[in-house]
Student: 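Just dropping this structure here.
Order of listing sets the numbers, starting from 1, for every ligand and every atom in it. Hydrogens, waters and symmetry mates are skipped; everything else that's a heavy atom, side chains included, is used.
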Amino acid sequence: MIEFRSVRKEYPDGTVAVGDVSLTVPSHRTVVLVGSSGSGKTTLLRMVNRMVEPTSGQVLIDGDDVRDRDAVGLRRSIGYVMQSSGLLPHVRVIDNIATVPVLSGAPRAAARERALDLMATVGLDEELAKRYPSQLSGGQQQRVGVARALASDPNILLMDEPFGAVDPVVRGELQRELLRLQSELGKTIVFVTHDIDEAFALGDEIVILAKEGRIVQRGTRDEILEEPADDFVRDFVGLAGGRREMTLRETPHGTAVVDGSGRVQGVLRGGA
Ligand SMILES: Nc1ncnc2c1ncn2[C@@H]1O[C@H](COP(=O)(O)OP(=O)(O)OP(=O)(O)O)[C@@H](O)[C@H]1O
Ligand SMILES: [Mg+2]
């Protein structure tokens, strides 16, 4: 379990990135932080592995303040997929994936073997192992990022817009793979995105953030859609524009349910 207790981050230039955030991420669940650019998502994420130190407040993992942990050890024990791929450009794919286990003392051969297994896990062809990151497509690089974050078998995965740089089709594929992986691995995942559909697809719980990390609403997909907290949320999740509005259309064969773009999504059972 990860707990943010009244965390605040104010940078030396006076920018308040995160005002006062309290939030619990239960173990083995995926919590998605979603909000517009500059709402403090990356800042919050990086507080967990101490890449950002809060100005005040605490972050606890399973009850222990991360400040009491050695920062390097802590960072290696947590999987982190960065917003930009974060791969080492002059290091082959296989060794990019094996970086943390090797740094932590694993024999190189064993780490490489595990890296190959992980490549299969995230849907990468073994042939790509010898390439450099620049020789991969965007989607392949993102998969390497995920494999690398999994390499030391961390309990916690921090994922910062990991699928942001790929087209919608590949993005959907990566999302499905993450869901499959998570159903097998049961990690504690904090996933950041500014795409509400991605948040709804992946999150057991979704936390909608406004400026300075202010939590506007937190809940499951259904809770948020059924009862949006305010106009900001209604707009953000697409309820305001009618995109999610369903209407009924009588047909000779029964009652069809039609979405906001006029497409039939299903039929009403039992008739209307
Ligand atoms: N080192 C820094 N010095 C000063 N201000 C910073 C620094 N890092 C981030 N900020 C500011 O803190 C705020 C939150 O930044 P953060 O990167 O957490 O946002 P974000 O929600 O991840 O945005 P995005 O969706 O664009 O990635 C922004 O206003 C940003 O400009
Ligand atoms: Mg960010």
Side-chain angles (χ1 to χ4, degrees), residues 2-25 30-61 66-67 71 74-75 78-87 138-139 141-146 148-149 154 156-168 170-171 174-175 178 188-203 205-219 224 229-230 232-233 235-238:
I2 305 167
E3 280 174 272
F4 297 86
R5 285 198 190 155
S6 286
V7 290
R8 175 182 178 85
K9 179 65 187 179
E10 187 172 339
Y11 284 103
D13 67 358
T15 307
V16 178
V18 169
D20 177 0
V21 171
S22 295
L23 177 68
T24 301
V25 179
T30 302
V31 170
V32 178
L33 307 181
V34 60
S36 44
S37 190
S39 53
K41 306 181 296 296
T42 297
T43 304
L44 279 169
L45 204 66
R46 286 173 165 239
M47 284 180 186
V48 178
N49 65 4
R50 290 190 63 189
M51 292 178 83
V52 167
E53 302 282 1
T55 313
S56 58
Q58 291 173 294
V59 179
L60 297 96
I61 295 178
V66 294
R67 245 181 323 210
L74 178 77
R75 232 161 271 166
I78 293 175
Y80 179 36
V81 187
M82 277 186 254
Q83 190 164 1
S84 53
S85 91
L87 301 177
Q141 288 184 27
Q142 308 242 347
R143 286 170 206 257
V144 175
V146 175
R148 192 172 65 155
I156 295 175
L157 267 183
L158 308 175
M159 308 185 82
D160 196 351
E161 307 207 27
F163 311 144
V166 294
D167 68 64
V170 175
R171 192 171 184 147
L174 290 166
Q175 289 168 358
L178 181 64
T188 303
I189 301 181
V190 190
F191 189 105
V192 164
T193 180
H194 54 248
D195 177 347
I196 189 67
D197 289 312
E198 181 161 84
F200 282 159
L202 298 177
E205 283 187 88
I206 296 107
V207 180
I208 300 178
L209 302 173
K211 228 167 147 275
E212 298 180 4
R214 186 174 66 84
I215 296 175
V216 188
Q217 189 166 7
R218 126 166 241 185
I224 291 172
D230 59 16
F232 173 81
V233 174
D235 194 37
F236 195 72
V237 303

Student: Donor-acceptor check, side chain of R218 to backbone of L23, threshold 3.5 angstrom: yes or no?
Tutor: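 Here the side-chain-to-backbone pair does not exist.
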Student: Among all protein heavy atoms, pick the one closest to atom 12 (O) of ligand 1 and tell me residue, atom and distance.
Tutor: A17 CB, 3.2 Å
Student: Would you say E161 contacts ligand 1, with heavy atoms under 4.0 Å as the rule?
Tutor: yes
Student: Check whether any N, O or S atom of T43 sits under 2.8 Å from the Mg ion (ligand 2).
Tutor: no
Student: If you look at every heavy atom in N49 and R75, which pair is closest and at what distance?
Tutor: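 Scanning both residues completely, I find the closest heavy atoms to be O-NE, 3.1 Å.
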Student: Report the nearest protein non-hydrogen atom to atom 24 (P) of ligand 1: residue, atom name, distance rounded to 0.1 Å.
Tutor: S37 OG, 3.6 Å
Student: Name the option, out of E212, M47, K41, that contains the heavy atom nearest to atom 25 (O) of ligand 1.
Tutor: K41
Student: Would you tell me whether D13 and T15 have side-chain atoms, one donor and one acceptor, within less than 3.5 Å of each other?
Tutor: yes
Student: For atom 31 (O) of ligand 1, is there a protein heavy atom at a distance under 4.0 Å?
Tutor: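 No, there is none.
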Student: Any N or O on T42 sitting closer than 3.5 Å to an N or O of ligand 1?
Tutor: yes
Student: Write out the residue and atom name of the closest protein heavy atom to atom 23 (O) of ligand 1, then the distance separating them to 0.1 Å.
Tutor: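 Checked against all protein heavy atoms, atom 23 (O) of ligand 1 sits closest to G38 N, 2.8 Å.
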Student: Return the closest protein heavy atom for atom 27 (O) of ligand 1 as residue, atom name and distance.
Tutor: Q83 NE2, 2.8 Å
Student: Which protein heavy atom lies closest to atom 5 (N) of ligand 1, and at what distance to 0.1 Å?
Tutor: Y11 CD1, 3.4 Å
Student: Suppose we measure from atom 11 (C) of ligand 1 to each protein heavy atom; which comes out shortest, and what is that distance?
Tutor: T15 CG2, 3.8 Å
Student: Which residue and atom name correspond to the protein heavy atom nearest atom 15 (O) of ligand 1, and how close is it?
Tutor: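 Minimum-distance protein heavy atom for atom 15 (O) of ligand 1 reads T43 OG1, 3.8 Å.
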Student: So which heavy atom on R171 is nearest to which on T193, and how close?
Tutor: NH2-OG1, 3.8 Å
